[in-house]
Protein chains: 2
Amino acid sequence: MVKKRDTAEARERLSRDAIVTGAIALADAEGLGAVTIRRLAQAHGVTPMALYWHFKDKDQLLDGIAERLFSEVQFPPADSAPWDDQLRALLLALVAALRPHPAVAGLARASVLSCEPGLAVAEHTLSLLRQAGFDADKSAEIGGFLLTAVVTLVSDEPGLAYGADAEAREDAMRVKRASLSALSPRRHPNVVASADALAACTGPEANHELGIDMLVTGIVCMAEGRVTSR
Amino acid sequence: MVKKRDTAEARERLSRDAIVTGAIALADAEGLGAVTIRRLAQAHGVTPMALYWHFKDKDQLLDGIAERLFSEVQFPPADSAPWDDQLRALLLALVAALRPHPAVAGLARASVLSCEPGLAVAEHTLSLLRQAGFDADKSAEIGGFLLTAVVTLVSDEPGLAYGADAEAREDAMRVKRASLSALSPRRHPNVVASADALAACTGPEANHELGIDMLVTGIVCMAEGRVTSR
DNA sequence: ACCTGAACACCGTTCAAGT
DNA sequence: ACCTGAACACCGTTCAAGT
């Protein structure tokens, strides 16, 4: 009779949503590599095969994670600001949604056009690019690049020490910085000069706004160039 | 006595270089997921454990792949062109080196600063950014973003049909386009309008120059803004 | 409808041993 | 120095079966 609660998880009943939530939590804690059918099942006190009733296979589970991420995007209220300000706001909203889950952010790339919440983001982005004066094809190209760039911006580089506390990450950064500083200043003068910043880039405290600004600025310049045919 | 040549591979003798070459070939043919210690060993007619003499573990093998990619970058000859033209040329050279191997291009991100050929690319990039007037920290930020953006530009999205011939890829694209075109034009007018281009983006024929131009243009505008303090 | 049990064909990696 | 053999603790997934 001491059967329920095989694990810590409360055994409500399995569902797509519960599985996805568990998967994201697991990824946050131990990285995408820890997200395994078997570990997920264990976390829910259930047999691995139980998950296969809710998802066709693991890829669909990952799709589900991406869908959840997109669904968390808080669209900025529509206003009459110029298109580039609106675009910046939209990209920042996307960053805000992905940023808390860097281990799974990369999944967003493959699934944008395969789920409703992703399509909503795509639709808004394309709409703003059309307002900027780009045609349908150009907007698609730029939009695709924008999404992948933003995703990359907030993605943890794989191979980072997971499950590691903040202290361990600090250590890794220090080691990296030291090894960069130890390079020959004759052969790599600029790497050595930027050692601190380069080592710091390997972390969640990276400056995402810089990247966004760069992207939007580039698009603005292109749009103006197109219009004035300069 | 019919012992040699367990497989097609000529059994010269194992080496780091040979293993890396085999790994890249395997990834090109069947995707990164097929790159497995065991399959690699098999391709070389050798026991899986044989690879562990040449590489500490699989991560080091992946590092070796990235190093090979960077070593194939053909640096444009130093000239007196303006820094932005030189930067564009350098990024295009990086694209040219990564483009033939989209399945493993993503490995370049984690390994830039961990191998000599990667450091060479980083050094040149930082040097040009310093010429543009950015300080050491800003150059590092921008440079890091640039690399990941370029890598993203040429990376196959995971989940693409591998081992699939060109025909199968064509099919996949057609299916994608059809499903996008079938969306409600009221809810997703811009996605529907861009359906063709969006479906085509999922392929190796993507326009990389557009992305590079966008990035460089963005940097130029930022640099000018900085200098003229506008 | 929702889940279990047993089985299959895979992984990376360690450790001791061979030559 | 370079490689093998056996073993361990994992994977995703199928298929038949239970309730």
Side-chain angles (χ1 to χ4, degrees), chain A residues 1-7 9-23 26-27 29-65 103-104 107 110 158-159 161-163, chain B residues 1-7 9-23 26-27 29-65 103-104 107 110 158-159 161-163:
Chain A
M1 283 306 175
V2 197
K3 202 62 175 311
K4 296 290 181 76
R5 281 190 128 281
D6 307 63
T7 81
E9 213 72 12
R11 285 284 4 254
E12 298 266 335
R13 180 73 144 287
L14 224 44
S15 72
R16 279 183 69 102
D17 277 353
I19 295 171
V20 167
T21 302
L26 189 53
E30 305 185 41
L32 187 54
V35 176
T36 260
I37 299 275
R38 291 172 120 104
R39 287 204 53 182
L40 247 25
Q42 188 186 351
H44 290 274
V46 113
T47 276
M49 295 50 98
L51 304 208
Y52 281 87
W53 194 88
H54 300 273
F55 295 93
K56 179 181 164 290
D57 57 18
K58 195 182 175 182
D59 270 341
Q60 293 241 346
L61 204 171
L62 299 180
D63 264 17
I65 295 178
V104 288
L107 300 175
Y162 284 115
Chain B
M1 283 308 175
V2 197
K3 202 65 174 309
K4 296 291 181 74
R5 281 188 130 283
D6 307 62
T7 80
E9 214 70 15
R11 284 286 1 253
E12 298 264 336
R13 179 75 144 289
L14 223 46
S15 72
R16 280 182 69 102
D17 277 353
I19 295 171
V20 167
T21 301
L26 190 53
E30 305 186 42
L32 187 55
V35 176
T36 259
I37 299 275
R38 292 172 120 103
R39 288 203 55 181
L40 248 24
Q42 188 186 352
H44 290 275
V46 113
T47 278
M49 294 50 98
L51 303 208
Y52 282 88
W53 194 88
H54 301 272
F55 295 93
K56 181 179 163 290
D57 58 17
K58 194 182 176 183
D59 271 340
Q60 292 242 345
L61 205 172
L62 299 179
D63 264 16
I65 295 177
V104 288
L107 300 174
Y162 284 116

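Chain letters run A, B, ... following the sequence lines, proteins first and then strands; every chain starts at 1.
- Closest to the side chain of A/T47, from the set C/dT4, C/dC11, C/dT14, is C/dT4.
- Rounding to the nearest 0.5 angstrom, the gap separating the OG1 atom in B/T21 from the CD1 atom in B/I65 is 10.0 Å.
- Atom-to-atom, CZ of B/R38 to P of D/dC11 comes out at 15 Å; the value is rounded to the nearest Å.
- Of the two residues contacting DNA chain D, namely A/K56 and B/M49, the nearest-nucleotide position lying further toward the 5' end is that of B/M49.
- Separating the CG atom of A/L14 from the C1' atom of C/dT4 is a distance of 13 Å, rounded to the nearest angstrom.
- Across C/dC3, C/dC2, D/dG12, the shortest atom-to-atom separation from the side chain of A/W53 is found for C/dC2.
- Atom CD of B/Q60 and atom P of C/dT13 are 11 Å apart (whole Å).
- When the P atom of D/dA9 is taken as reference, atom CD1 of B/I37 falls 20 Å away, rounded to whole Å.
- The distance from atom CZ of A/R38 to atom OG1 of A/T47, rounded to the nearest 0.5 Å, is 10.0 Å.
- Base pairing annotation: C/dA9 forms no Watson-Crick or G-U wobble pair, as no partner gives both donor-acceptor distances under 3.5 Å.
- Spacing between atom CG of B/D59 and atom C1' of C/dT13 amounts to 13 Å, rounded to whole angstrom units.
- Going from atom CD1 of B/I37 over to atom CZ of B/F55 covers 9.0 Å, rounded to the nearest 0.5 Å.
- With P as the reference atom, D/dA17 and C/dC2 are 22 Å apart, rounded to whole Å.
- Checking D/dC3, C/dG12, D/dG12 against the side-chain heavy atoms of B/R13 singles out D/dC3 as nearest.
- A/L61 contributes atom CG, which lies 7.0 Å from atom CG of A/L51 (distance to the nearest 0.5 angstrom).
- In the set C/dT14, D/dA7, D/dT13, the nucleotide with an atom closest to the side chain of A/K58 is D/dT13.
- Between the OH atom of B/Y52 and the C1' atom of D/dG5 there is a distance of 15 Å, rounded to whole Å.
- Searching all strands for a Watson-Crick or G-U wobble partner of C/dT4 with both distances below 3.5 Å returns D/dA16.
- With rounding to whole Å, A/D57 atom CG is found 18 Å from C/dC10 atom P.
- The side chain of A/T36 contributes no N or O atom lying less than 4.0 Å from OP1 or OP2 of D/dC10.
- The closest donor-acceptor contact from the side chain of A/D17 to the backbone of A/V20 lies at 3.5 Å or more, if one exists at all.
- What separates CZ of B/R39 from P of C/dA9 is a distance of 16 Å, to the nearest Å.
- Here the side chain of B/H54 is nearest to one of D/dC15, D/dC3, C/dC3, namely D/dC3.
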